[in-house]
Asker: 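Quick one: structure below, then a few questions.
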Amino acid sequence: MTRRTGPETLRRAASPARLLTLAVLPALLPALFLSVLAVPGARAAESAPTVSLSKKEAGKGGEITVSGKGWRGEALLMLLICGQATPERGVIGGTNSCANGAGRAVTTDEKGAFSKKLPVAEPPDPCPCVVHVATVTGEQASDDAAFTVAGHPTAELPRRTGSGKLAVLAATRLEGDSSLLTWFGAPPARRLVFTVGNLGPAPVEDPVFEIGTAHGVYAPQWEERQWRGTVAPGARARIALPVELSAGAHGDYQISLRYGKKVLAEQPWGVGRPWGVTLFWVLLCLVVPAAVFRSGMAVVDRIRPRTGGARRTAGARPGPAVGKGLPRRTTPVARTARSADADATTAVLPWFTPDSAPSENRPRPTTKGQA
C-alpha cells in the first residue's frame, strides 16, 4: 500500500507540535505578565531624581562633586548648600538659608544624569545642612543630600508647627484692584484669600506658607509668607497673603500656594499691559523732536545774515507794491492849497540845506538882457 500525503496527513503530523505549544503557553504567560509589569516599575524607579555626593563632610574653601541621575533630560538644575535642612524635612527656611553666592548651575544630559563640582561655603543658617538640587525651568523637581560643613555652627531644627495637616477648604481667589500707578508700570499687587482647616490632632501656630509665581514655561519663584495666628484641631481660618509682581509685569501668571512640600492650591492671574508707559513713550517721541525743531529754528533765525533790503534811505517812505492784476493807485487831481504847501515844505532833498540852495547863491540880473 502506497502512503499518500495530503492536508490530512500534514495536520496529523503537526498535531503533536501544536499540543506541545498549547501545553507550554499557559506556563509562559505568568512570566511574560510579570516581565511586562516589571519594566514600568524599573523605569519609574529610574525616573525618580536622586543626588549623591563625593564627600559627606568638608570645610569651607573645599570642593565636592555632586552627581545625580533620574532627572529630566537636558534640564537646568541649581545646586546649593543650605542650612537648617534635612532630607526628610527639606529646606525649612527656603533659599534664604542657602549659600546662594557659591551656588552652581548644571544641565543634565539626554539620559537625565549630571556631575558637577560645587565649592563648599558656609550657609547663613546653622547646620544640619544639605546639598539642595532643584530644577530651574519646566516641571518642578528637587532632592536633598545630607552634608556637613566642617567648623560651621550647629543648632536644632525649629519645632514643627502642628502636624502640618492643613488643607484648603474653599476655592482660592485674588482680591484687590489695580491703581492708576499700575497703569503706568507700578508693580501689580493682590491678596490671595483662602480658607484652611486643621485636619491634625495638634494646633498649628504661625504657619509659614510659600507663594509661587510662574509666568510662561518658567518654574514658580517661591517666596515665604508667614501668617500670624493659631489654627486649632478641627478648626478653620480665613487667611489673606499679599502677592506682588515685578514692575511692568503683564500677561498670564500662575499663583501657587504651598505649605511644607505640598501644593495646596493654584490660581490663574491675568495682568493687563501698562498702556500708560506706551503712551508716555509715544508722547516723548512726539514732544522731544518738536521742541528740538523749534529751538533749532529760533537759533537759525537769530544767527542768519540780514539782507540789503532792510536798509532804507532816510526820508524814503515804503509804499504798497503794485502787483500784477491789482488796480493802479492814482493821484487825486484836485488838491487843496494847504496840502500842496505842506508837501512843498516837507519834501526837502537831503543833500541841500536852506543856506546852500542854488537860487539863493546865484547873483540876480540888474539890467534887462544880462545873463
Asker: More than 12 non-hydrogen atoms from neighbouring residues, nucleotides or ligands closer than 6.0 Å to CZ on Arg72, yes or no?
Answerer: yes
Asker: Mind running side-chain contact (heavy atoms from CB on, under 4.5 Å) on Gln221 and Glu223 for me, showing each step along the way?
Answerer: CA-CA 7 Å; Gln221 301 294 328; Glu223 295 182 5; 6.0 Å; no
Asker: Restricting to non-hydrogen atoms, name the atom on His132 and the atom on Ala134 that form the minimum distance, rounded to 0.1 Å.
Answerer: NE2-CB, 3.6 Å
Asker: State, to 0.1 Å, how close Ala214 and Ala219 come at their nearest heavy-atom pair, and which atoms those are.
Answerer: CB-C, 4.4 Å
Asker: Report yes or no: does Arg173 contribute a side-chain atom to a donor-acceptor pair with the main-chain N or O of Val193 at less than 3.5 Å?
Answerer: no
Asker: Do Thr148 and Lys56 pass the side-chain contact (heavy atoms from CB on, under 4.5 Å) test, and can you show the C-alpha distance, the side-chain angles, and the key distance before you say yes or no?
Answerer: CA-CA 6 Å; Thr148 303; Lys56 295 295 183 181; over 6 Å; no
Asker: Of all the heavy-atom pairs spanning Ala102 and Pro119, show the shortest one and how long it is.
Answerer: O-CG, 3.8 Å
Asker: Out of curiosity, does Val271 fall in the hydrophobic cluster containing Leu174 (side-chain heavy atoms, cut-off under 4.5 Å, transitive links)?
Answerer: yes
Asker: Of all heavy-atom pairs between Val204 and Pro207, which one has the smallest distance, and what is that distance?
Answerer: CG1-CB, 3.8 Å
Asker: Evaluate the criterion disulfide (SG to SG under 2.5 Å) for residue pair Cys82 and Cys98; output intermediate values, then yes/no.
Answerer: CA-CA 4 Å; Cys82 305; Cys98 303; 1.9 Å; yes
Asker: State yes or no: do Phe147 and Val91 share one hydrophobic cluster built from I, L, V, M, F, W and Y residues joined by side-chain heavy-atom distances below 4.5 Å, directly or via other members?
Answerer: no
Asker: Please test Leu80 against Asn100 for side-chain contact (heavy atoms from CB on, under 4.5 Å), starting from the C-alpha separation and ending with a verdict.
Answerer: CA-CA 7 Å; Leu80 296 172; Asn100 298 313; 3.7 Å; yes
Asker: Looking only at atom types and distance, does a side-chain atom of Asn198 sit under 3.5 Å from a main-chain N or O of Leu166, one as donor and one as acceptor?
Answerer: no
Asker: Of the options Thr108, Thr107, Asp109, which is the one that meets Phe114 in a side-chain contact (heavy atoms from CB on, under 4.5 Å)?
Answerer: Thr108
Asker: For the pair Phe209 and Tyr259, name the ring-plane relationship: parallel under 30°, tilted 30 to 60°, perpendicular over 60°.
Answerer: tilted
Asker: CD of Glu110: more than 12 outside heavy atoms within 6.0 angstrom?
Answerer: no
Asker: State plainly whether one hydrophobic cluster holds both Val106 and Met78, where clusters connect Ile, Leu, Val, Met, Phe, Trp and Tyr through side-chain heavy atoms under 4.5 angstrom apart.
Answerer: no
Asker: Looking at side-chain heavy atoms only, is the closest gap between Val66 and Leu53 below 4.5 Å?
Answerer: yes
Asker: If I take atom CZ from residue Arg104 and atom CG from residue Leu118, how far apart are they, to the nearest 0.5 angstrom?
Answerer: 7.0 Å
Asker: Hey, is CG on Asp252 packed in by over 12 heavy atoms from elsewhere, all under 6.0 Å?
Answerer: no
Asker: Quick one: pull up OG1 in Thr154 and CD in Gln84 and give me the separation to the nearest 0.5 Å.
Answerer: 9.5 Å
Asker: Is there a side-chain contact between Trp269 and Thr213 in this structure, where contact means two heavy atoms from C-beta onward sitting under 4.5 Å apart?
Answerer: no
Asker: Okay, side chain of Thr50, backbone of Lys69: is any donor-acceptor separation there less than 3.5 Å?
Answerer: yes
Asker: For Thr172 and Gln267, does a side-chain donor sit closer than 3.5 Å to a side-chain acceptor?
Answerer: yes
Asker: Could you check whether atom CD of Gln226 has more than 12 heavy atoms from other residues, nucleotides or ligands sitting under 6.0 Å from it?
Answerer: yes
Asker: Please check if Leu264 and Trp222 belong to a single hydrophobic cluster, counting links between Ile, Leu, Val, Met, Phe, Trp and Tyr side chain heavy atoms closer than 4.5 Å.
Answerer: no
Asker: Taking all atoms of both residues into account, what is the closest heavy-atom pair of Gly260 and Glu210, and its distance?
Answerer: O-OE1, 3.8 Å
Asker: Does CG belonging to Asp301 count more than 12 external heavy atoms closer than 6.0 Å?
Answerer: yes
Asker: Indicate yes or no: at least one non-hydrogen side-chain atom of Ile255 is less than 4.5 angstrom from one of Ile211.
Answerer: yes
Asker: What is the minimum heavy-atom distance between Glu266 and Ser256, and which atoms define it?
Answerer: CG-OG, 3.6 Å
Asker: Using the side-chain contact (heavy atoms from CB on, under 4.5 Å) rule, take Thr135 and Leu76 through it: C-alpha gap first, then chi angles, then the decisive distance, then the call.
Answerer: CA-CA 6 Å; Thr135 55; Leu76 181 62; over 6 Å; no
Asker: Let me confirm one number: the CG-NE2 distance from Leu245 to His250, rounded to the nearest 0.5 Å.
Answerer: 11.5 Å
Asker: Looking at side-chain heavy atoms only, is the closest gap between Pro242 and Arg225 below 4.5 Å?
Answerer: yes
Asker: With the 4.5 Å side-chain cut-off for hydrophobic clustering, are Val130 and Val120 part of the same group?
Answerer: no
Asker: So for atom NZ, which belongs to Lys261, do other residues, nucleotides or ligands contribute more than 12 heavy atoms lying within a distance under 6.0 Å?
Answerer: yes
Asker: Is a side-chain N or O of His152 found less than 3.5 angstrom from the main chain of Pro128, in a donor-acceptor match?
Answerer: no
